[in-house]
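Written below as structure tokens is the structure these notes are about.
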Protein chains: 2
Amino acid sequence: MTIDKISLNRFSTIPLHKQLSNNIHDQITRGILKPGEILPSVIEMKSLTGVSSVVIRQAYEYLRRAGLVVTQQGKGTFVAESKQSFEFIQKLGSSFEEAKAKREKVTTTVIELKEVFEFNTNIKHKLKLSKNDHIIMITRLRSIRNIKMFFWTSYLPASICKPLLEEDFTKVSLYQVLEEKLNLKILRAERFVEVVKADFQKAEILNIPELEPLFFIESIAYTKDNLPVEYYQGWYDTNYTKFYFEIK
Amino acid sequence: MTIDKISLNRFSTIPLHKQLSNNIHDQITRGILKPGEILPSVIEMKSLTGVSSVVIRQAYEYLRRAGLVVTQQGKGTFVAESKQSFEFIQKLGSSFEEAKAKREKVTTTVIELKEVFEFNTNIKHKLKLSKNDHIIMITRLRSIRNIKMFFWTSYLPASICKPLLEEDFTKVSLYQVLEEKLNLKILRAERFVEVVKADFQKAEILNIPELEPLFFIESIAYTKDNLPVEYYQGWYDTNYTKFYFEIK
DNA sequence: CAGTGGTCTAGACCACTAG
DNA sequence: TAGTGGTCTAGACCACTGA
């Protein structure tokens, strides 16, 4: 146990759980507690500080949310490993190519690839389709070193994109197929970036806690004559993703 | 009280606090509970459900973090107003002009404007300055309808930017002054977008809870001959901000 | 098996809000 | 002053981990 003495002030206006989390926060950022090290168990901490277990849990919960510690049931609570080891920097704005993450192996999983007959009018509107048109839907997940970075769903008009159903998108890119096999060259795209909180399903897919922030990206890609050929929605783990772009 | 009956299953593997928050979550998204409406107080909810107050607090805490409810001490917990009423859409990538938020009045506050003598080597490095160079530092806060949207700090080399100390940046833009008074035209900029969690100070400034996600933007702006003239760091409330840009 | 975290209870006291 | 949320306690039981 390398943790420093913790002194709490019962007469302070600062709640005990906050005093405790601040204290541990300091010890982590100062390097007194090092990545991978185990924190005192709730019971140990109880005897170290004299406060009840609920308060200790509250402090640990705060540190978890701040990303400073990681808890494993039955094992303990540990100082988080710093994940500065790699970032996934995506280039926006100048090309459709994503910058490779420092020579790491990037893998793509196809979660779903299908034609749908009826669908959300919002999506049809973005693709300038009418009520009875069919849509091709592709959901993919991209990982690096087994860490799930982001997943996204592309929607394309079935009328001109049906051959996509035969492709293996673990190996080829969508834009490559569109250009080489369907003669649809993407000339322009509009994109929106915002932040949303992970609901249960998205948290499952990316293997993160519920309510963690995600980048939410929407894009509409156009070919010649301003014809929209792809609308996508993507969700990115904000712990690893950073966007880069250049202006003018 | 318009809340529907809440039934919890004591034998389920799903924790009671989760069952409760899921139930209320549903009632809010289905419109049974409407924005502005008050939720049962902890004591009322205790008699409605039979669970202890800690569990109810836990459920309410989850709903707060999800942005579905707002709690005011001494008053109660209320369904959050949907803030779709306005968004602040910033245009990236094609110009330095920010898109005006749907005709709302935008105000700028200058938090700090000063010359600093010694400073962070990281910032000097980005501005290609040497150890003894001075820096001009400007921190501004931008609000719409009294809602704090974002704040940012610009760093500029004092050697060429000293006259900035005399300007009133509540009324004029930095780039305007750089171009018109100092003959420094910005030709190019590099920008990074990531997400960080608000620490105590940033949460104070933007009037949001600690650990809420923020857009963190870094930018280096260059004039001719690739000379960096401004480095800035900005923090944006993700509840109201959305970035837009166009490609190719 | 012992040690860990996760869930839950019943009840106490305090701080804030509003009539 | 009554009602609200915020803090805290002591103790119980369960689920998971690893020796």
Side-chain angles (χ1 to χ4, degrees), chain A residues 1 3 6-24 33 36-65 68-80 200 203 209-211, chain B residues 1 3 6-24 33 36-65 68-80 200 203 209-211:
Chain A
M1 188 68 53
I3 195 167
I6 294 171
S7 55
L8 304 179
N9 177 2
R10 298 240 158 214
F11 304 104
S12 165
T13 57
I14 301 168
L16 292 172
H17 66 84
K18 193 70 192 153
Q19 290 185 48
L20 181 54
S21 62
N22 284 345
N23 189 307
I24 300 172
L33 286 167
E37 236 177 293
I38 191 167
L39 263 63
S41 74
V42 175
I43 293 180
E44 271 178 309
M45 189 56 96
K46 220 171 134 169
S47 68
L48 286 173
T49 60
V51 299
S52 78
S53 58
V54 176
V55 174
I56 294 161
R57 281 176 202 298
Q58 227 172 328
Y60 281 19
E61 166 68 14
Y62 173 90
L63 296 168
R64 262 194 295 281
R65 285 186 53 203
L68 291 169
V69 306
V70 171
T71 295
Q72 289 175 270
Q73 210 195 93
K75 295 181 75 175
T77 298
F78 305 83
V79 180
F200 178 76
E210 235 183 301
L211 297 188
Chain B
M1 189 67 54
I3 195 167
I6 294 171
S7 55
L8 304 180
N9 177 5
R10 297 239 159 213
F11 304 105
S12 164
T13 57
I14 301 169
L16 292 172
H17 65 84
K18 193 69 193 156
Q19 290 184 49
L20 181 54
S21 62
N22 284 346
N23 189 310
I24 299 172
L33 287 166
E37 238 177 291
I38 191 166
L39 263 64
S41 74
V42 174
I43 293 181
E44 272 178 307
M45 188 56 97
K46 218 171 134 170
S47 68
L48 285 174
T49 59
V51 299
S52 79
S53 58
V54 176
V55 174
I56 294 161
R57 282 176 200 297
Q58 226 171 328
Y60 282 19
E61 166 69 14
Y62 174 90
L63 296 168
R64 264 194 295 281
R65 284 186 53 203
L68 292 168
V69 306
V70 171
T71 294
Q72 289 175 272
Q73 210 194 92
K75 295 181 76 175
T77 298
F78 305 83
V79 180
F200 177 77
E210 236 182 301
L211 298 189

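Lettering follows sequence order; numbering is per chain, from 1. Predicted, not measured: the structure shown is a model, and the values here were computed from it.
- Comparing B/Gln58 and B/Lys46, the nucleotide of DNA chain C nearest to each residue sits closer to the 5' end for B/Gln58.
- Minimum heavy-atom separation, A/Tyr60 to A/Val69: O-CG2, 4.0 Å.
- Across the interface with DNA chain D, nearest-nucleotide mapping of B/Thr77 and A/Gly74 shows B/Thr77 to be the residue nearer the 5′ end.
- Along DNA chain D, the nucleotide nearest A/Gln73 and the nucleotide nearest A/Val54 are compared for position; the residue whose nucleotide lies closer to the 5' end is A/Val54.
- Rounded to the nearest 0.5 angstrom, A/Ile38 CD1 and A/Leu33 CG are separated by 11.5 Å.
- Each end of the helix from C/dC1-D/dG18 to C/dA18-D/dT1 gets its own rotation axis from five pairs of C1' atoms, and the angle between them is 10° to the nearest 10 degrees.
- Residue contacts shown for A/Val55 are limited to sugar-phosphate atoms, with no base heavy atom under 4.0 Å away.
- Nucleotides of DNA chain D that come within less than 4.0 Å of any heavy atom of chain A span, from the 5' end to the 3' end, D/dT7 to D/dG18.
- The only option from A/Arg57, A/Arg64, A/Arg65 that meets the salt bridge (charged side-chain N to carboxylate O under 4.0 Å, His left out) definition with A/Glu61 turns out to be A/Arg64.
- With hydrogens and angles disregarded, a donor-acceptor distance shorter than 3.5 Å links the side chain of B/Gln19 to the backbone of B/Ile14.
- If you take CD on B/Gln72 and OG1 on B/Thr77, they are separated by 9.0 Å, rounding to the nearest 0.5 Å.
- In this structure, B/Asn23 and B/Ser7 approach most closely via the heavy-atom pair ND2-N, 4.0 Å.
- Put simply, CG on B/Leu48 and NZ on B/Lys46 are 12.5 Å apart, with the number rounded to the nearest 0.5 Å.
- Atom CD1 in A/Ile56 sits about 12 Å away from atom P in C/dT4, given to the nearest Å.
- Remark: A/Leu63 CG to A/Thr71 OG1 distance equals 9.0 Å, nearest 0.5 Å.
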